[in-house]
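Just so you know, ligand 1 is whichever comes first in the structure, and atom 1 is the first atom listed for that ligand.
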Amino acid sequence: MVAPKLILVLGDQLSPDLSSLAAGDPARDAVVMAEVMGEGTHVPHHPQKIALILTAMRKFADALRGRGWQVLYSALDDLANSQTLAGEILRRAAEVGASELIATRPGAWRVIAMLDDLPLRVTQTPDDRFLCPQDWFDRWAANRKVMRMEHFYREMRRMTGFLMDGDAPAGGQWNYDHDNRKPAKPDLLRPRPPRFAPDETTEQVLALVEARFPSHFGHLRPFGWATDRAGALQALDHFITHALPRFGEEQDAMLAGDPTLSHSLLSPYINLGLLSPREVCDRAQSAWAAGMAPIAAAEGFIRQIIGWREFMRGIYMHQGPAYEQVNALNHTRALPAVYWGAATRMACMGAAVGQTQRLAYAHHIQRLMVTGNFALLAGVDPAQVHEWYLSVYIDAIEWVEVPNTLGMSQFADGGVVGSKPYVSSGAYIDRMSDYCKNCQYKVKERTGPDACPYNPLYWHFLTRHRDRFENNPRMAQMYRTWDRMDGAVRGQIIDTAQAVLGRLDRGETV
Ligand code: FAD
Ligand code: DLZ
Ligand code: SF4
């Protein structure tokens with residue numbers, strides 16, 4: 001008799017056509033899936049995120065059984081559960097007499113290292129759920145001095161054929177961002193993203209998560225995420241029909257009373273494998289072709305997926321495990337308590353952190369220009385910022401969270417992802433949101449106790465990193481503005497910034 005092999009399916013590998021499954025044989029091999037405290041606690045994941053992943057794992061295991069697979073499934077409360085992925089793989093290998101494991105390459109270097117260290121013959125098959133094969137990305141990256149998303153994106157348009165008219169971009173432009181990026185107004189008629197009432201499996205997992213992760217930041221209930229492919233497809237349908245048409249113009253807007261605007265909320269489903277990036281883009285393209293969405297919306301959405309999402313994955317894998325330790329700006333400040341829900345006078349931070357606590361969700365501009373911008377201006381240790389983003393968002397898996405946080409948001413990679421840091425004063429937030437009008441700070445003030453903290457911190461950031469950035473052509477203008485300012489005002493701005501930083505360091509309300 002031929003010895004069985006183990007096929008590993010991780011919590012973010014819930015795709016029926018997964019490469020490790022395709023490499024196995026249901027008549028001979030057994031699938032291993034394991035809910036483990038090790039994955040649930042290596043950072044304090046938001047309870048909704050843990051609940052989504054464990055519920056979706058249970059339902060996926062059932063679907064595999066329905067396709068004839070033997071699934072060795074470890075529930076979190078199984079008494080024999082060793083509570084680590086390595087422990088469960090080895091326990092199952094001993095149980096069925098397997099000496100070989102097939103695993104689709106995980107999306108975190110720490111899990112890849114764990115597999116490499118197992119005392120089994122391990123085959124890691126490529127994760128072909130991405131549209132860009134990693135070896136293609138590595139070749140693309142090797143041929144250039146700097147990697148820029150916009151160049152990569154054009155190659156991806158050609159490679160995938162999305163929104164192409166022969167060799168030219170559909171509509172004549174590669175990027176329609178100048179039609180996008182508008183502020184938004186409250187609109188009671190704006191469609192709300194669908195919510196899914198927990199079924200019995202979900203309720204069981206919710207009770208388990210409540211019992212096992214009581215101290216993690218974030219509300220577990222109400223829980224409204226889809227937890228299987230059928231639900232994820234409903235969410236996709238809803239987005240394409242109701243929100244895509246406004247996606248582009250509202251992409252960068254922020255409203256205190258509307259945490260999701262016209263965003264898709266599809267990232268957790270795509271990242272866990274319940275939806276494929278190709279089908280999501282197909283649907284957006286078809287909506288445009290049928291006249292249901294403007295080109296600017298379809299292009300903006302498809303760019304996020306085949307551009308940013310694929311680019312981030314390529315960068316994470318290309319840069320290797322050391323990328324997680326980068327700290328090019330030598331920032332060392334502790335993450336302020338406001339990130340974990342402490343009281344704040346800042347309306348924008350209160351809104352972004354508050355909805356993160358309630359929903360495990362904030363959209364891109366909130367992550368980048370509110371929480372990310374503040375951490376960068378305040379000089380927070382990027383490792384702590386990374387741990388926070390990995391913990392609190394429903395869609396956070398290392399391959400996508402790390403380059404977004406350390407690269408795009410914190411410039412901790414010194415310019416691998418972006419050519420300049422995403423920093424701004426309060427003026428940007430004021431232009432793109434309605435937060436400032438109900439804030440205890442004054443967005444137009446740069447000095448004194450009522451000054452919007454982004455304003456003095458912005459200048460503090462620029463001056464403390466002058467050597468690095470003053471010759472960057474995209475930033476030179478800001479240094480000229482600073483140099484033209486009255487010397488006394490400059491002094492007051494820096495004093496105000498120091499006062500804000502002092503309050504952060506003493507754990508006082510900011
Ligand atoms: P939409 O605005 O509807 O966008 C459509 C889709 O495009 C998303 O579902 C997502 O799959 C993709 N997308 C958009 N922007 C990006 C991006 N920059 N990188 C990768 N994919 C993108 N995204 C994650 O999926 N996981 C993360 O852990 C994550 N961490 C982030 C951390 C920081 C500091 C920042 C600035 C961004 C991060 N992002 C992350 C990117 C982005 O914020 C989320 O993908 C997006 O907010 C998800 O919400 P949505 O599905 O409503 O997106
Ligand atoms: C994020 C997560 C959590 C919270 N729990 C589990 C789990 O119990 N079992 C599992 O297989 N995967 C889990 N995951 C997802 C993994 O952390 C993810 O597969 C790695 O980050 C690698 O991409
Ligand atoms: Fe945020 Fe400043 Fe506006 Fe207040 S004034 S909401 S702190 S940007």
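- Summarising the geometry, atom CE belonging to M349 is positioned 9.0 Å from atom CD1 belonging to I429; distances are rounded to the nearest 0.5 Å.
- The shortest contact between atom 48 (C) of ligand 1 and any protein heavy atom is with S267 OG, 3.2 Å.
- With respect to atom 12 (N) of ligand 2, the closest heavy atom belonging to the protein is G11 N, 3.3 Å.
- Taking CZ of F301 as the reference point, atom CZ of F239 lies at 4.5 Å (rounded to 0.5 Å).
- Taking a 4.0 Å cut-off on heavy atoms, A362 registers as neighbouring ligand 1.
- Among N404, T260, I302, the residue whose heavy atom lies nearest to atom 39 (N) of ligand 1 is N404.
- Here the heavy atom of the protein found nearest to atom 21 (O) of ligand 2 is E398 OE1, 3.2 Å.
- Shown in contact with L54 at under 4.0 Å from a heavy atom are these atoms of ligand 2, numbered in order with element: 8 (O).
- Set against the non-hydrogen atoms of L10, the atoms of ligand 2 under 4.0 Å away are 11 (O), 19 (O).
- Within the 4.5 Å cutoff, the side chain of Y441 has no heavy atoms near those of the Y454 side chain.
- In this structure, M346 and C439 approach most closely via the heavy-atom pair CA-SG, 4.0 Å.
- Residue-ligand proximity, I397 to ligand 2, at heavy-atom distances under 4.0 Å covers atoms 23 (O).
- Residue S409 has at least one heavy-atom neighbour below 4.0 Å for each of these atoms of ligand 1: 34 (C).
- The E35 neighbourhood of ligand 2 comprises atoms 8 (O), with distances under 4.0 Å to a heavy atom of that residue.
- Distances below 4.0 Å separate heavy atoms of L368 from the following atoms of ligand 1: 36 (C).
- Nearest heavy-atom pair across P403 and E398 is CD-O, 3.8 Å.
- The option with the heavy atom closest to atom 42 (C) of ligand 1, from among E401, E398, H364, is H364.
- Ring centroid separation for the pair F130 and F137 does not come in under the 6.0 Å cut-off.
- Using a 4.0 Å heavy-atom cutoff, F247 is listed among the residues neighbouring ligand 1.
- Under a 4.0 Å criterion applied to the non-hydrogen atoms of Y389, ligand 1 contributes the atoms 32 (C), 34 (C).
- Remark: distances from the non-hydrogen atoms of Q13 to ligand 2 are all 4.0 Å or more.
- Interface of T405 with ligand 1, defined as ligand atoms under 4.0 Å from a residue heavy atom, comprises 32 (C), 34 (C).
- Counting heavy atoms closer than 4.0 Å to ligand 1, residue F239 contributes nothing at all.
- Side-chain contact between M432 and M369 is absent, with no heavy-atom pair separated by less than 4.5 Å.
- Ligand 1 is never approached by Y393 to a heavy-atom distance shorter than 4.0 Å.
- Side-chain N/O atoms of R58 and T201 include no donor and acceptor closer than 3.5 Å.
- At a 4.0 Å heavy-atom cut-off, ligand 2 touches R110 through the side chain alone.
- Going from atom CD of E324 over to atom CD of E401 covers 8.0 Å, rounded to the nearest 0.5 Å.
- Contact annotation: F311 has no heavy atom less than 4.0 Å from any atom of ligand 1.
- The protein atom (non-hydrogen) at minimum distance from atom 30 (N) of ligand 1 is R367 NH1, 3.5 Å.
- Nearest-heavy-atom check against atom 14 (C) of ligand 1 across H263, M408, R309, Q304 picks out Q304.
- Given atom 9 (N) of ligand 2, the protein heavy atom at minimum distance is A34 O, 2.8 Å.
- Taking all atoms of both residues into account, the shortest heavy-atom contact from R157 to L163 is NH2-O, 2.9 Å.
- Ligand-side atoms of ligand 1 in range of A396: 27 (C), 28 (O), range being under 4.0 angstrom from any heavy atom.
- A donor-acceptor pair is defined here as one N or O able to donate and one able to accept, closer than 3.5 Å; such a pair exists between the side chain of N455 and the backbone of G426.
- N438 places no side-chain N or O within 3.5 Å of a backbone atom of Y435 that could act as its donor or acceptor partner.
- Using modelled atom types, one side-chain atom of N271 and one backbone atom of D395 make a donor-acceptor pair closer than 3.5 Å.
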R313 and D127: CA distance, side-chain angles, deciding distance, salt bridge (Lys or Arg N to Asp or Glu O under 4.0 Å) verdict: CA-CA 11 Å; R313 188 266 185 155; D127 191 343; 5.3 Å; no
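- Taking CD1 of I7 as the reference point, atom CG of L101 lies at 7.5 Å (rounded to 0.5 Å).
- Residue V400 holds the heavy atom nearest to atom 23 (N) of ligand 1 of all those in V417, L406, V400.
- Using a 4.0 Å cut-off to heavy atoms of L265, the atoms of ligand 1 that qualify are 50 (P), 51 (O), 52 (O).
- Among protein atoms, those of element N, O or S found less than 2.8 Å away from atom 1 (Fe) of ligand 3 are C348 SG.
- In summary, the side chains of Y389 and T371 do present a donor paired with an acceptor at a separation below 3.5 Å, with no hydrogens or angles considered.
- The contact set between ligand 1 and F301, taken as ligand atoms under 4.0 Å from a residue heavy atom, comprises 5 (C).
- Side-chain N/O atoms of N81 and S74 include no donor and acceptor closer than 3.5 Å.
- Here the protein heavy atom with the shortest distance to atom 13 (C) of ligand 2 is E39 CB, 3.8 Å.
- In terms of protein heavy atoms, atom 8 (O) of ligand 2 is closest to V36 N, 2.9 Å.
- Close approach to N271 involves these atoms of ligand 1, each under 4.0 Å from a residue heavy atom: 24 (C), 25 (O), 26 (N).
- The residue from L8, D12, I53, L390 that puts a heavy atom closest to atom 14 (N) of ligand 2 is I53.
- Residue-ligand proximity: M37 is placed with every non-hydrogen atom at 4.0 Å or more from ligand 2.
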Salt bridge (Lys or Arg N to Asp or Glu O under 4.0 Å) evaluation trace for R303 with D177: CA-CA 10 Å; R303 173 157 30 91; D177 252 358; 3.2 Å; yes
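- Between the side chains of Y323 and D413, at least one donor-acceptor pair of N or O atoms lies under 3.5 Å.
- Under the 4.0 angstrom criterion for non-hydrogen atoms, L85 is in contact with ligand 2.
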